[in-house]
Structures are given as structure tokens and as C-alpha cells.
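Here's the structure we're looking at; comments come further down.
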Amino acid sequence: MTTAITVTAADEQQLLGRIRTDLYIDGQWRAASSGRTFTVTDPSTGETLAEVADASPEDGQAALDAAHRAQRGWAKTPPRVRAEILRRAFDLVTARADEFALTMTLEMGKPLAESRGEVAYGAEFLRWFSEEAPRISGRYSTAPDGANRLLVVKRPVGPCLFITPWNFPLAMATRKIAPAIAAGCTMVLKPAALTPLTALLLTQVFEEAGLPPGVLNLIPTTSAGKVTAPLIKDPRLRKLSFTGSTEVGRRLIADSAEQVLRVSMELGGNAPFIVFEDADIPAAVAGGILAKMRNGGEACVAANRFLVHESVAEEFTTAFVERMAGFSAARGTEPQSTVGPLVDEATREKVSSLVAGAIEDGAHVALGGSSIPGPGYFYQPTVLTGVPAGARILDEEIFGPVAPITTFRTEAEAITLANDTPFGLVCFAFTADLNRALRLAEELDTGMLGINAGVVSNPAAPFGGVKQSGLGREGGFEGIDEYLETRYVGIADPFVSTSDTEDD
Ligand code: SIN
């Protein structure tokens with residue numbers, strides 16, 4: 001996970017100078033109507049990276065006006081044209097991978113090697129959906145009684161609002177924008193205020209790729225509620241897609257009920273990582289490190305609870321602690337960095353309080369357990385063992401580099417523990433027994449399951465959760481359906497015409 005390329009302060013300044021920092025509405029870059037800007041900071045140093053236009057509710061309305069105006073024409077644009085714009089955007093993001101990676105590292109903190117991984121992941125949604133756009137299809141059939149014909153067509157849902165998170169600033173945006181473009185929808189994107197620079201750079205790419213004015217409108221803002229609430233109430237908006245916490249998602253679903261919006265919600269998780277007694281332990285350790293430390297643990301799919309069979313707990317824990325101890329916490333631009341800072345002080349405080357609570361409840365600190373003194377919001381890679389049932393850390397999303405380990409005795413107990421949560425985004429299980437893997441696929445309450453794999457995310461697969469982890473799927477064949485309505489046209493039997501009747 002290390003990177004050999006050295007990034008200089010001059011490289012950073014040059015890149016930041018190339019990123020436009022205005023709002024993008026109706027194909028125009030413009031200042032916020034209030035004239036206000038907000039500061040984007042580097043979580044590794046606390047220093048200012050850029051000042052970005054701070055959209056007001058009026059700017060939000062202007063963005064939806066533009067999306068609404070563009071919708072009819074965009075829906076009529078040939079699928080091949082939409083596909084080619086996406087493909088050009090894929091090529092441009094790929095050609096500018098270093099710029100995107102550095103932007104994410106600067107504003108979000110992850111090591112450059114991880115950011116490069118996200119560029120490949122995020123760009124792939126553009127390529128995948130460029131390939132899906134021309135394959136949108138319908139059907140024509142004869143009704144069972146032979147009398148009528150049934151025509152079923154797919155139509156774009158209409159203008160969408162996207163609210164995206166800070167943890168994967170590129171991939172969480174392309175995962176929504178790409179299927180919307182492919183389906184023929186227009187959109188307003190509100191990126192996280194902590195990480196708007198990647199979305200700004202991506203918007204520049206779409207402009208260069210030839211996306212018509214009004215199709216994508218970008219409104220970074222620090223007044224998320226004030227700007228988005230009126231849009232959600234506006235009858236011209238037809239879809240809301242949100243990635244973020246279950247708490248906020250629940251409120252957005254309630255608000256969306258007023259206009260009966262289509263919603264896609266990628267919400268919180270509490271992923272169990274189960275290691276069975278027959279698992280290949282070195283593979284389970286490698287998978288556990290990936291599942292826990294990808295994105296520094298700041299992922300809704302991060303392994304949140306390690307459930308390890310008691311007969312292999314010591315072997316697994318010893319090797320896992322050794323690997324966790326090998327992480328090097330440093331600013332993501334440093335060649336030795338393998339884990340960056342947490343995104344802000346509030347996130348670090350939450351992680352600290354979960355660890356402190358677990359220790360009070362009787363957990364043992366096998367590694368780490370503290371914040372790293374500043375600058376920046378670094379936290380030590382941490383392993384806790386003997387975490388008792390009921391500890392808050394087993395129930396809440398940690399969103400940091402902390403691995404709580406507990407043990408189990410039987411498969412049934414592991415399944416019960418794994419399912420004992422209101423969340424159901426992803427589970428990971430390591431086992432050599434195929435039948436057990438198939439039983440888990442049927443018994444675990446989850447949207448996604450990794451078998452002997454520490455990462456399941458893939459643009460060609462349907463990402464999403466059950467229970468309070470969300471609604472809808474992103475990516476895969478399913479991803480485009482979220483942006484399509486089904487229209488049915490009933491047609492009278494073409495062989496029975498009025499003139500036939502008259503001739504009789
Ligand atoms: C997330 O954590 O929000 C998404 C992670 C992924 O796509 O793998």
C-alpha cells in the first residue's frame with residue numbers, strides 16, 4: 001500500500017490552482033448568489049486548501065431549474081451519445097488519475113495509493129454505465145388471451161438530487177452520476193462540505209467530455225439542510241439518492257414522502273467479519289486487514305466486529321495485531337503513509353469514545369487505543385480483544401482504524417451474533433467449507449456477503465443493504481434500474497380493425 005512517488009508542495013499548489021471552486025449551474029461556473037465561500041482544510045495538517053463557493057437556497061433552486069429545463073431534451077438524446085460522453089469522462093478521469101488521487105488525499109486524508117485505488121474504482125462506474133446505456137430495453141408481447149399487445153418501455157425517472165459523502169469523494173459521486181446519465185436523467189449534486197474539490201474536478205471533466213448544460217449541476221454548500229429541503233419538496237424533483245448515515249437517511253426518506261420521490265439510500269453498516277475454525281488463517285488475516293483498514297476504516301462496509309471461532313482466536317489475533325502494528329500513520333502524500341488521519345476532530349472523538357467505552361466495559365487493548373498528537377486527526381491502529389456483548393462499539397459504526405474481536409463456539413451462534421443488529425449492509429466470512437458458505441448466503445441478513453474476501457465492492461455488482469442499511473442498489477445491472485421508470489402501453493389487437501368490423 002505504499003507509494004514511491006514524492007509529491008511536492010509545488011505539485012499541490014499547482015493542482016489546487018487548476019480546480020475551479022465556483023458552483024456549476026446550467027453549464028456556467030458562477031459564484032454563490034450570496035457571494036459567500038467556505039474553507040476546505042487538509043485533515044492531516046488543519047491547513048486551508050481552498051475557498052469554495054457556498055451555495056444558498058436560491059442557488060439550489062437555480063440548479064433544479066436548470067436540471068428541470070434540460071430533462072426533456074436529455075431524455076431524448078440517443079443512448080449512444082450518452083454512452084460516449086460517459087466513456088470520454090472515463091478516459092479523462094483515467095488520464096488524470098494522479099490529479100484525482102492527490103485531490104482526494106489532500107481533502108480527505110487517505111494515502112495516495114488508496115486514492116489511486118479509488119480513482120480506478122470510481123472511474124469504472126463511468127465505463128460500466130457507458131456500456132449499459134445502449135442496452136436499456138423494453139418488451140413487446142401478446143397478452144395471454146391473444147387479444148391485446150403489451151408494450152413495456154423504460155423511461156428516465158427525471159431530475160435527481162444526489163447527496164454524497166466525504167469518505168469516497170469520487171466513487172460515491174460517479175456511482176450515482178453515471179447511471180443517471182446513462183438512463184437520461186438530469187441532476188443536482190451536493191457533495192460533502194468536507195470534500196467538495198473532487199466533485200469540482202469531476203464536473204470539469206464532464207464539461208470537457210461534452211455533457212450538455214443543465215444535465216449535471218453542482219452545488220457545494222455548508223447549509224445542506226436549508227439548500228436541499230426545498231428541492232426535496234419541489235414537485236419537479238423525481239428522485240433522491242443519498243449515501244451517508246442511517247440517521248440522516250431516515251429523515252430524508254420521511255421528507256421524500258411528501259412528493260413520493262423515488263429514493264436510493266446507502267446508509268450505515270455494522271459488518272461482522274466471521275472467522276470459522278476451518279478458515280485459512282493467513283488468508284483471513286489478510287482479508288481482515290483489507291476489510292478493516294481500507295480507507296482507514298472510514299467506510300460503511302468496513303469490518304466493524306470480528307467474530308472469531310474460539311479455537312483459532314489466539315492464532316488469528318496474534319497475526320492480525322502484528323499486521324495492524326505494521327501500519328504507518330502519516331499524511332497521505334508521504335511515501336511511507338499507509339493510514340491517513342480521520343477526516344475531522346468530531347470523527348476522531350467518536351472513535352475515541354467508542355474505544356474508551358469498550359475498555360470501561362472490560363475490553364483488553366491488544367494494540368493502540370489512543371489518538372496520535374497533532375497536527376491532524378490521526379488515531380492509532382487499534383485492536384481490542386475480549387469485547388463483551390453489549391459494548392457500544394459492537395453496535396455502532398466505528399468509522400476508524402479500530403478492530404474489536406470477540407469469540408464464538410458454533411456456526412449457529414456466529415449467525416445469531418452477525419444478524420443481531422438493525423443494519424444489514426455486508427458480512428464477511430472465512431471458511432473452507434462450501435456448504436457452510438452456502439448456508440451463510442441463505443442465513444445472514446445482509447445485502448452483500450464476502451466469502452473468503454475482504455472487499456466486495458465492484459462497479460459490476462449491486463451494492464446495497466437490507467434493514468436499516470438502506471434501499472436500492474448501486475452498480476451492476478441493477479444500478480441503472482434505480483433511474484428508470486417502467487411505462488406500460490396497452491395496444492388493441494392490431495388484427496381487429498374498425499374497417500374489418502364494418503366489412504362484416
Ligand atoms: C461506503 O463506505 O460508503 C462505500 C464503500 C464502497 O463502495 O466500497
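Atoms considered below: every heavy atom in the structure, side chains included; atoms not considered: hydrogens, waters and symmetry mates. One-based numbering, in listed order, for ligands and for the atoms of each.
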Checklist line | Under-4.0 Å heavy-atom contact with ligand 1, by part of Asn167 that carries it | finding: side chain
Notebook entry, point to check: Once the angle between the rings of Phe408 and His309 is folded into 0 to 90°, is it parallel (under 30°), tilted (30 to 60°) or perpendicular (over 60°)?
Noted result: perpendicular
Next item on the list: Work out whether the distance between some heavy atom of Glu298 and some atom of ligand 1 is less than 4.0 Å.
Entry: no
Next item on the list: For atom 8 (O) of ligand 1, find the nearest protein heavy atom and state the residue, atom name and distance (0.1 Å precision).
Entry: Ser457 OG, 2.4 Å
Check: Short list, please: which atoms of ligand 1 are under 4.0 Å from a heavy atom of Ala299?
Finding: 2 (O)
Next item on the list: Anything under 30° is parallel, anything over 60° is perpendicular, the rest tilted; go ahead and classify Tyr121 against Phe168.
Entry: perpendicular
Note to self: Tell me the protein heavy atom at minimum distance from atom 7 (O) of ligand 1, and give that distance in Å.
What the structure shows: Tyr121 OH, 2.6 Å
Checklist line | Derivation and outcome, side chain to side chain donor-acceptor pair (under 3.5 Å), residues Glu474 and Ser264 | finding: CA-CA 8 Å; Glu474 294 191 308; Ser264 294; 5.7 Å; no
Next item on the list: With heavy atoms of Met172 as the reference, note each atom of ligand 1 found under 4.0 Å away.
Entry: 3 (O), 4 (C), 7 (O)
Checklist line | Residues Asp344 and Thr347: side-chain donor-acceptor under 3.5 angstrom | finding: yes
Margin query: Return the closest protein heavy atom for atom 5 (C) of ligand 1 as residue, atom name and distance.
Written below: Phe168 CE1, 3.5 Å
Notebook entry, point to check: Just distances here: any N/O of Cys300 and N/O of ligand 1 closer than 3.5 Å?
Noted result: yes
Check: Should the ring pair Phe273 and Phe428 be called parallel, tilted or perpendicular, given that the plane angle runs from 0 to 90° and is split at 30 and 60?
Finding: tilted
Check: Does Phe38 offer a backbone N or O that forms a donor-acceptor pair with the side chain of Asp54 under 3.5 Å?
Finding: no
Item checked: Part of Glu266 with heavy atoms under 4.0 Å of ligand 1, whether side chain, backbone, both or neither -> neither
Note to self: Arg175 versus ligand 1: do any nitrogen or oxygen atoms come within less than 3.5 Å of each other?
What the structure shows: yes
Checklist line | Closest contact, heavy atoms only, Val52 versus Pro196 | finding: CG2-CG, 4.1 Å
Check: If only atom types and distance count, is the side chain of Lys190 paired as donor or acceptor with the main-chain N or O of Gly60 below 3.5 Å?
Finding: no
Check: Which atoms of ligand 1 sit under 4.0 Å from any heavy atom of Arg294?
Finding: 6 (C), 8 (O)
